Amino acid sequence: TIAAPALAQDWKAKYPELVFAAVPAENASGTLEKHKGFIEYMTRELGVKVTIRIASDYAAVIEGHRAGNIHFAEHGPSSYIRAHTVTNGGVEPFATPLDANGNTGYYSVAWAKSSAAGTKLEDFKGKNLCLVDPNSTSGNNVPLYSMNKLGIDPAKFFSKVTNAGSHENAVMAVQQGTCDLAFNWWNSENDSNLQRMATKGMVKQADFKIVFKSEKIAGYPYVLTASLPADLKAAIKKAFFDFPTKDKASFDAMFQGKSQGLAPTSHQDFKSTIELQNFVDALRKKSS
């Protein structure tokens with residue numbers, strides 16, 4: 001029994017600071033504010049300093065895993081698969097949030113202005129489309145896959161296709177009229193990126209309508225760098241799964257009161273995302 005604490009100290013000596021990274025769903029200050037309690041909680045639970053890195057794009061988080069300067073992170077399914085590929089399996093997913101109804105998984109939707117003519121994607125020929133980030137599942141990859149199934153080649157069908165960067169930017173582009181429709185994540189009627197922006201007073205939900213909704217996507221994962229010591233990985237996982245009960249206020253702040261907790265997840269849960277990724281990669285090769 002004497003060896004166990006020594007082991008724990010071993011990883012603390014090697015990792016006096018742990019870095020958590022978040023992918024860009026919203027602006028940096030919003031991301032920082034949302035995770036403040038979580039970072040303080042993880043610092044308390046793990047007994048070492050935990051800092052947050054807010055990446056400018058998904059690729060930066062993926063690169064951080066590869067370089068070994070990000071230890072755990074929030075990903076979308078596609079960016080996780082991309083990270084898994086470029087690190088040769090050097091990352092492992094371990095948790096995914098439950099929505100307000102206790103389900104995992106989410107959807108990709110296309111938002112247009114309520115006042116826009118048209119009720120479905122096919123009605124927006126010749127209009128401007130906003131995607132999110134090239135590694136976003138709901139904002140890029142599922143849309144490309146879904147449009148392909150509908151026989152839509154975005155480059156030919158729309159007059160302009162723009163990568164907005166973050167989910168919030170894409171919605172704002174529709175609000176401002178620079179895009180006629182934008183893809184985004186959607187959990188349920190009462191929880192979506194748009195709904196959270198409306199809560200913050202950035203937009204009015206009534207100004208938008210859904211003109212496309214995808215099939216269900218695997219839940220977005222929280223991911224560990226696989227090369228971390230086993231006892232450190234176990235400590236991160238334990239702290240994570242204790243989070244909804246041990247610090248409910250911070251958990252609710254992180255998920256804006258829209259999550260019932262966390263569910264375990266593994267690489268097996270992202271089989272369909274691998275097919276999606278292969279499809280998108282083939283599409284990019286074809287167009288380059």
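Just so it is clear, the structure is predicted and the values come from calculations on it, not from any experiment.
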Exercise. S136 and Y58: side chain to side chain contact (heavy atoms under 4.5 Å, CB included), yes or no, with the steps?
Worked result: CA-CA 7 Å; S136 168; Y58 288 71; 3.8 Å; yes
Problem set entry | CA sep, side-chain torsions, deciding dist, call: M42, I236, side chain to side chain contact (heavy atoms under 4.5 Å, CB included) | CA-CA 8 Å; M42 291 300 281; I236 291 172; 4.1 Å; yes
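Of the N and O atoms on the side chains of N193 and N184, at least one donor lies less than 3.5 Å from an acceptor on the other residue. Neither side chain, E33 nor S29, offers a donor N or O lying under 3.5 Å from an acceptor on the other. Side-chain atoms of D247 and S250 form a donor-acceptor pair, as typed in the model, at a separation below 3.5 Å.
Looking only at side-chain heavy atoms (C-beta outward), Y222 and F240 come within less than 4.5 Å of each other. Here the side chains of N190 and Q195 are not in contact, with every heavy-atom distance at 4.5 Å or above. Annotation: side chain of L232 is in contact with side chain of L18 (closest heavy-atom distance under 4.5 Å). Side-chain contact check for V50 versus F72: some heavy-atom pair is nearer than 4.5 Å. Side-chain contact between P221 and F94 is absent, with no heavy atoms from C-beta onward closer than 4.5 Å. With contacts defined as side-chain heavy-atom distances shorter than 4.5 Å, the pair W185/Y107 does not qualify. Side-chain contact between E215 and V142 is absent, with no heavy-atom pair separated by less than 4.5 Å. Side-chain contact between P134 and R284 is present, with at least one heavy-atom pair separated by less than 4.5 Å.
Both L32 and F255 are part of a single hydrophobic cluster, where members link through side-chain heavy atoms under 4.5 Å apart. Side-chain heavy atoms closer than 4.5 Å link hydrophobic residues (I, L, V, M, F, W, Y) into clusters, and following such links, even through other members, never connects M147 to V109. The hydrophobic clustering, which links ILVMFWY residues whose side-chain heavy atoms are closer than 4.5 Å, places I152 and L129 together. Connection of L150 to V211 is established within a shared hydrophobic cluster, with ILVMFWY side chains joined at heavy-atom distances below 4.5 Å, either directly or through further cluster members. Taken together through direct or relayed side-chain contacts under 4.5 Å among Ile, Leu, Val, Met, Phe, Trp and Tyr, L228 and F241 form part of one hydrophobic cluster.
Residue A60 comes nearest to I70 through the heavy atom pair O-CD1, 4.2 Å, listed as atom of the first residue, atom of the second, then distance. Closest approach of H167 to G139, counting heavy atoms only: CE1-N, 4.2 Å. Closest heavy-atom contact between H71 and G68: NE2-O, 3.9 Å. Of all heavy-atom pairs spanning P154 and L144, the tightest one is CG-CD2, 4.0 Å. L98 and A263 get closest at one heavy-atom pair: CD2-CB, 4.0 Å. Between A170 and L131 the shortest heavy-atom distance is CB-O, 4.4 Å.
Under the salt bridge (charged side-chain N to carboxylate O under 4.0 Å, His left out) criterion, the residue pairs touching residues 188-201 are E26-K200, E168-K200, D191-R196, with sequence neighbours excluded. Sequence neighbours left out, the pairs with a member in residues 258-269 that pass side chain to side chain donor-acceptor pair (under 3.5 Å) are Y80-H267, T265-D269, Q268-K271. Sorted by first and then second residue, the side chain to side chain donor-acceptor pair (under 3.5 Å) pairs involving residues 138-157 (not counting sequence neighbours) are S78-N141.
Looking only at distances, no side-chain donor or acceptor of S192 sits under 3.5 Å from a matching main-chain atom of S188. For D133 (side chain) and N135 (main-chain N/O), a donor-acceptor pair under 3.5 Å exists by modelled atom type. Remark: side-chain polar atoms of N101 are not paired, donor with acceptor, to backbone N or O of N103 under 3.5 angstrom. Looking at T85, its side chain does come within 3.5 Å of a backbone N or O of I81 through a donor-acceptor pair. When atom types are taken as modelled, the side chain of T96 and the backbone of Y220 share a donor-acceptor pair closer than 3.5 angstrom. Between the side chain of N169 and the main chain of A164, a donor-acceptor pair closer than 3.5 Å is present. Side chain of T87 to backbone of A83: a donor-acceptor contact under 3.5 angstrom is found.
Judged as a side chain to side chain contact (heavy atoms under 4.5 Å, CB included), and not counting sequence neighbours, the contacts of N278 are I274. Partners of T162 by side chain to side chain donor-acceptor pair (under 3.5 Å), not counting sequence neighbours: none found. In this view, T225 and H65 satisfy the side chain to side chain donor-acceptor pair (under 3.5 Å) rule, not counting sequence neighbours. Legend: residues meeting side chain to side chain contact (heavy atoms under 4.5 Å, CB included) with D252, ordered by chain and number and at least two apart, are K248. For A218, the side chain to side chain contact (heavy atoms under 4.5 Å, CB included) partners two or more places apart in sequence, or in a different chain, are F270, T273. Checked against side chain to side chain donor-acceptor pair (under 3.5 Å), T43 has no partners two or more places apart in sequence or in another chain. Contacts of T51 classified as side chain to side chain contact (heavy atoms under 4.5 Å, CB included), with partners at least two apart in sequence or in another chain: E17, V19, K49.
Salt bridge status for E45 with K238: absent, with no side-chain N to carboxylate O gap under 4.0 Å. Using a 4.0 Å cut-off between a side-chain N of Lys or Arg and a carboxylate O of Asp or Glu, K36 and E40 qualify as a salt bridge. A salt bridge is defined here as a Lys NZ or Arg NE, NH1 or NH2 lying under 4.0 Å from an Asp or Glu carboxylate O, and K286 with D281 fails to meet this definition.
The aromatic rings of F243 and F251 stand perpendicular to each other, their planes meeting at an angle above 60°, with 30° marking the opposite boundary.
A distance of 10.0 Å separates OG in S114 from CD in Q205, rounded to the nearest 0.5 Å. One finds the CZ atom of R82 at 10.5 Å from the OG1 atom of T137 (value rounded to the nearest 0.5 Å). Atoms CD1 and NZ, on I39 and K34 in that order, are 12.0 Å from each other to the nearest 0.5 Å. One finds the NZ atom of K113 at 11.5 Å from the NZ atom of K209 (value rounded to the nearest 0.5 Å). Taking SG of C130 as the reference point, atom NZ of K160 lies at 8.5 Å (rounded to 0.5 Å). To the nearest 0.5 Å, atoms CG (N69) and CD (E63) are separated by 8.5 Å.
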Tell me which donor-acceptor pairs under 3.5 Å the side chains of residues 171-183 have, and how far apart each pair is, sequence neighbours excluded?
residue: T178; atom: OG1; partner: A173; partner atom: O; Å: 3.2
residue: D180; atom: OD2; partner: N128; partner atom: N; Å: 2.8

Which donor-acceptor pairs under 3.5 Å do the side chains of residues 117-126 make with protein atoms, sequence neighbours left out?
residue: K120; atom: NZ; partner: D123; partner atom: OD1; Å: 3.3
residue: D123; atom: OD2; partner: T119; partner atom: N; Å: 2.9
residue: D123; atom: OD2; partner: K120; partner atom: N; Å: 3.1

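Relative to the ring axis of F158, K127 does not place its NZ or CZ within 45° and under 6.0 Å from the centre.
Ring-centre distance between H35 and F20: below the 6.0 Å cut-off.
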